[in-house]
Every structure is written in C-alpha cells, then in structure tokens.
Amino acid sequence: MVHPKLSYQRQKISADQYEEYKKIPSGTLFDTLARKYLLWEEPFRRVLDDMAPPHYRWFVGGKLDVYHNILGKHLETVRRNKAALIWRGVNFEERIYTYQSLAYEVKSLINGLVHLGVKKGDRVLLFMPDLPETVISMLACASIGAIHVAYHMAYSAEALAQRLQHCRAKYIITSDGTHLRTRSLKGVVNEALERIDYDIRHCVVVEHTGQQVQMRPQRDIWYNDLITDPQYSREATVDLVLSADEPLFMIYTSTKSKTPRGVLHSLAGYLMWAQFTTEVLFDLDEVDIFWNTSDLAWINGHTYTVYGPLALGATLFLYEGSISYENTQCFFDYLDKFHVTVLYTNPSLLRSVMRAKSTKRYLNRAGNSLRLIGCGGEKINEDLYDWIQYELTNKRNLPILQIWGQTETGGCLIAGVPGVLGFEDDTMMCPLPGVDARVVDNQGKALDGFVEPGRLVLASPLPSMLQDLYKDDVGYQQTFWKKFPERSYFCTGDGAYYDEQGNLNLTGRLDDILSTGAGRRSLDEIEETVMTMKRVRECAAIVIDHPVQGYMLVTYCVLYDFRDESYREKTLREIHEHIIEEIGELNLPDKIRFTKYLPKTPDNRINRDLLKEIALQMEGI
C-alpha cells in the first residue's frame, strides 16, 4: 500500500539541497560533507586512498580533535548552557547535563584515564547499563584515541571472557550492578577475568545500585574516586589531536563462526557520516528533544545517541531501561514529561505499546509531542503504520521513517527521508546520497526487474564502513568483499528487491542471523549452546512471523529421555539457565518446545521450512 506524500517542511538540509547532494559524485560529496561537519586541525590531502582494496583509508593526512568536534565547539556558542543529556533511571532517578557540565565530566574522566595509563590504541571494554557515565566513558576514550569496546551487559561471563580474550582489553569500565538484573555486573566481570589468560591493568567501577561487590586492591578503582582524587584528577598532559583514519571504536556483532567478530570503525569517516545522517533523517533543531530507544551497546546507540546528535548540539533523552508491554506507562510518561519531539525506535517496541494501548488503562494516552518517528531493525507493516498515524499521536500527518543500516556500515544507508521522498510501508525506500546500493543474484549479476529478490550489495566503499575485522583480515575480505568472482561488491548479508516505483524493499537476513531493533542473534550459536547439554539429542532454532511481536524465536529440542512432565519442566529451566550462563539472556528464545523428532529432508537435514509451518500452527498464528 502506498501512502500519500506527507506535507513535511524540512528545517535543516532542504529538499533542494538533498537533491543536489544526490547528483554530486561520491568523492566530491564526501569532501563537501567532511568540510561541513568536521573541524580539522590539519586538512586532509586526499578524500579516499584506494591503493590497497578492500582496505580503504579516508581523509588521508587529516588530523582532528574528537573532543572539540563533539563537545568543545559548543562551549564557544549559546549551546554552552543548553541541555545535552536528560537521563532517567529505572529507579526514577533523574540527571540533566548541559553541554558545559557534560564536557567537564568528560575532561575529568580523560584526566583520570590518562593518569591510570590509558593511551592511544588501548582497548577499553565498557560493560555497563545505559548511564550518563557510559556516554562519558565513550567520549573520553574517543578523545584520548583509546578504542572503546561497548559490550551489552545482558551477556554472560563466558561470552564476556571470550571478547576480552579476543580484544585483550587492558582496561574495563563497569558498574557495581544494575536495577535490571539481580546479579551484579562487577560479579560478572570478576568471573570473566578468572577465565582469561592475561591480567588487565585496571577495572573502573561506577557506583550505581550501591550493592556490595568484590574489589581487588590496586587493580579496581571506583569511578568517583578516579575523577575526584587529586592523584588522578589533576590536569593530564595528553595530545588530543588524532589522525583521521585511526580507529575510533570497536563493536562486536553476531557471527556464525565461534570466533568473536570485532568490527573496527575509523574516526573521521564515521563521525562525518554520523552527523550527516542524523541531520538528514531526524532534521533536529535547537528545541527538539530526541529519544533513541536503542541500547548504547548497539551501533544505533553509538551513532544516533552519542556521536551524531551530540556533535550537532542536540538535546538527548536517555532511559536506563527498555520499554515493553509491562511498562508502557513509562513510555507515555516520558514523552509527556520531557516533551520528546523526535523518536527513533523499532517496530517491536511500538507493537508492544500498541497492544498495551488497546487496554482501558492506556486508551486515552497519546504521544502528541512527537513530530517525527524513525524505525529501524525490521519492517513496519500496514497495521502498525496506521496505528501510529491515527492512535498514537492523533496527528494523521506524522512522518514515519523506515531506516536501514547495520553494525558494519556504521549507520543508516537506506531510508525514507522526510520532506524529500514519499512514504510507503514495508519498504526501506532509497539509498542516501553517496550510497551505491544494488540488488544482484548469487553470481553478482545486477537484477533490474521488479519484485525479483536478490542480494543487497554496495558497489563502492563508504566513509562510515568498517575499517577491518579485528585480528581477522582474511575474514574481513572473504565475508564482505570477495563473495563474487567477477566483481568486488560489499556484501551486506541482507536480501532485497525493487518495487514498481524503483524503491528498495528489504527482505531480511540471508544467513541464520536474527536482526531486530534489539540487536542480532545467531541461530547457530543458540543451537550449539543448547546442544552442549547432555539431555538434548537434537535442536533447531527458527524464526516465525508473529502478528503482535513481529517475530518469534522458537527452539525445538529432542531429548534422549522423555519421562514425565516434571522431568521436562526441569529440563526447560536448565536450558534457560544454560543459555543465560553461556551466551546471555539476550539470546533466550521466546519459546522452547520439546518434540520426539524433527522433520528431515531426504538428505537427513532438518526441514526448517516444514518446521516453521508446524510452529505457526502450534502457536495459533
């Protein structure tokens, strides 16, 4: 279904300017954007060095100060006393940071980290809830040139240990605990540190919940002591000017391989694209309050909570927890109290709110402060689109952006841009300026026909793309650049097709990775984890469409012994605990079902298509 073009007037990049950007050759465009969005200490000599593909270097010869580009420049303007970050904890604690106070906190942590011994190129692993200290830690590390590695706090000690072993982080920043889980985060870190074969130098601990934790003398230090103790808080001597193509951060993403996959993003190219796409997509002005519901540990949290909006001088709202059916009241309360005007979220969250709003308790609640909504992670169906327009806001003319990007690309590449393109449901619209996205078949030949599914690829590199895979150059080349013998395309791993209007429709992952607004989950990893249990003989994880949730992850298990109901209930609890312990609660299936056998193909492989049909019937869908 095609919706009429919305009468949206752009405030920043005009529709005419956007069309001009689309016409400019990519090299000229990136040169223009780099000069517009970044302040250079030394100008770059060349936009792209492609002498050793697929290892591309952007803005060669250029140098810049990350701290000044994100925070320092605002202190010289009227934004100095503007709210930069409004934070709300799950225990109803609130904190507000102006650009001046946020910059002060970042500078204090820079001094503390430098006196601890952190230097350019060191890996600093962040294992924290969505706290202001998380944002401050990311910005402090980036300013020094240390590579921050944010890892989601829901993962297990074993998974954390694997990442530590892989990146060999010398420093960890965590919190004593979180109100979102019973076990202390510092306890998880301590257990992970016992499983690795090297010693970290220091672990900085934010006091958040006040629970008792085990601290090792000399190694562990409280965050507050680090930024206030005269030994660490005195002004540090450090050069904040960094080369444009140095690594900015590393982020782990799901993979079918057992080896962790660390994606490295470079400094200038990523920061430029983060600002450009934030301005294009969300069109933020000085009075907007922007809420991105993505966790800070994901790429969306990096790009569209921390780096893009703050560099543009926006006001952010950050909630420590996550919105679900059970706490929908928080969603409406925060929209109203903080007057959130622009929301970036995912369809799964909105479907939870939609289901809750159908009850009497929330029937009269609305998000009328919203003037624009962006959605990523999965497609918006027609029912959800109509509900947003007619029931969530009562505005009937609200721009709803569908956004596509991934960890490896560093941000959005394909979207419906408000005030420029018409809006359609179930489509990811058109590539942004400078993005050469194509649909090809399995041999790499272009598909130009309508509704002919193929593979989504990028024909040329982009400044925001991953620089490399950490310690896996062969994997970097084979996974992303050498899928086709005749042409070097960047393979996104997603399927797509063109509709009759020439827009791109994304059909989802082509591998066994479940990609949603909450991140990626590897089905292979879930199956392998369950199969390590002695009671399980076979296991198959599948994803089915769900009318309310959008999707459902169902795992079928065949046990060696089927005994009575209590035995199966005990096994179910053990499987839950085992998954949480090994790969974290983020990977818990929505349903775990036991069966006496799994459907097989003639060559004795699991017939997943038939299993999906069975699952749909069993779930009553």
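By convention here, the first residue in the shown sequence is residue 1.
Contact between Val205 and Ser175 at its shortest, heavy atoms only, is CG1-C, 3.8 Å. Of all non-hydrogen atoms in Leu370 and Leu398, the two that sit nearest each other are O-CD1, 3.5 Å. Looking at every heavy atom in both residues, Ser322 comes nearest to Asn327 through O-ND2, 2.9 Å. Counting all heavy atoms, side chain and backbone alike, Ile414 lies closest to Ala437 at CD1-CB, 4.2 Å. Shortest non-hydrogen contact noted between Leu432 and Cys412 is CD1-O, 3.7 Å. Of all heavy-atom pairs between Ala103 and Tyr67, the closest is CB-OH, 3.4 Å.
Within a 6.0 Å sphere centred on CD of Gln9, heavy atoms belonging to other residues, nucleotides or ligands number 12 at most. Counting non-hydrogen atoms of neighbouring residues, nucleotides and ligands closer than 6.0 angstrom, the OH atom of Tyr104 reaches no more than 12 such neighbours. Other residues, nucleotides and ligands contribute more than 12 heavy atoms inside 6.0 Å of the NZ atom of Lys82.
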Side chain to side chain contact (heavy atoms under 4.5 Å, CB included) between Val124 and Ile144, worked out
CA-CA 11 Å; Val124 181; Ile144 296 170; over 6 Å; no
In sequence, state the C-alpha distance, the side-chain angles, and the governing distance for Ser324 and Glu326, and then conclude on side chain to side chain donor-acceptor pair (under 3.5 Å).
CA-CA 5 Å; Ser324 63; Glu326 288 75 17; 3.1 Å; yes
Apply side chain to side chain donor-acceptor pair (under 3.5 Å) to residues Thr341 and Asp288 and explain how you reach the verdict.
CA-CA 6 Å; Thr341 55; Asp288 277 319; 2.7 Å; yes
Verdict with reasoning, Val420 to Glu19, per side chain to side chain contact (heavy atoms under 4.5 Å, CB included):
CA-CA 8 Å; Val420 176; Glu19 292 303 317; 3.5 Å; yes
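Judged by distance alone, with hydrogens and angles left aside, the side-chain atoms of Thr305 form no donor-acceptor pair with the main-chain N or O of Leu296 at under 3.5 Å. A donor-acceptor distance shorter than 3.5 angstrom exists from the side chain of Thr228 to the backbone of Asn224, with no hydrogens or angles considered. Side-chain atoms of Thr359 never come within 3.5 Å of backbone atoms of Arg355 as a donor-acceptor pair (strictly under, hydrogens ignored).
Residues Lys73 and Leu39 have side chains in contact (heavy-atom distance under 4.5 Å, counting atoms from C-beta outward). In this structure the side chain of Met465 reaches within 4.5 angstrom of the side chain of Leu458, judged on heavy atoms. You'll find the side chain of Lys36 stays beyond 4.5 Å of the side chain of Met272, heavy atoms only. Taking 4.5 Å as the limit, every side-chain heavy atom of Leu267 sits out of range of all side-chain heavy atoms of Phe59. The shortest side-chain heavy-atom distance between Glu235 and Asn111 falls under the 4.5 Å cut-off. Using a 4.5 Å cut-off on side-chain heavy atoms (C-beta onward), Phe331 and Leu343 make contact. Looking at Leu281 and Tyr344, their side chains never come closer than 4.5 Å, going by heavy atoms from C-beta outward. In this structure, the side chains of Thr174 and Met153 stay at 4.5 Å or more apart for every pair of heavy atoms.
Of the candidates Phe276, Phe290, Trp291, Phe282 forms a ring-ring contact (aromatic ring centres under 6.0 Å, His included) with just one, namely Phe290. Among Val206, Asp176, Leu131, the one residue that satisfies the side chain to side chain contact (heavy atoms under 4.5 Å, CB included) test with Tyr223 is Val206.
With rounding to the nearest 0.5 Å, the separation of OH in Tyr232 from CG in Leu109 is 13.5 Å. Interatomic distance, OG1 of Thr134 versus CG of Leu126, reported as 7.0 Å (0.5 Å rounding). A distance of 5.0 Å separates NE2 of His208 from OG1 of Thr178, quoted to the nearest 0.5 Å. Atom NZ in Lys63 sits 10.5 Å away from atom CD in Glu41 (nearest 0.5 Å). Summarising the geometry, atom OG1 belonging to Thr278 is positioned 12.5 Å from atom NZ belonging to Lys12; distances are rounded to the nearest 0.5 Å. Atom-to-atom distance recorded for Ser137:OG and Glu105:CD is 10.5 Å, nearest 0.5 angstrom.
Using a 30° and 60° split on the angle between ring planes, Phe338 and Tyr334 fall in the tilted class, from 30° to 60°. Ring orientation note: the planes of Phe249 and Tyr307 are close to parallel, at an angle under 30° on the 30°/60° scale.
The cationic atom of Arg163 (NZ for Lys, CZ for Arg) lies less than 6.0 Å from the six-membered ring centre of Tyr252 and within 45° of the ring axis.
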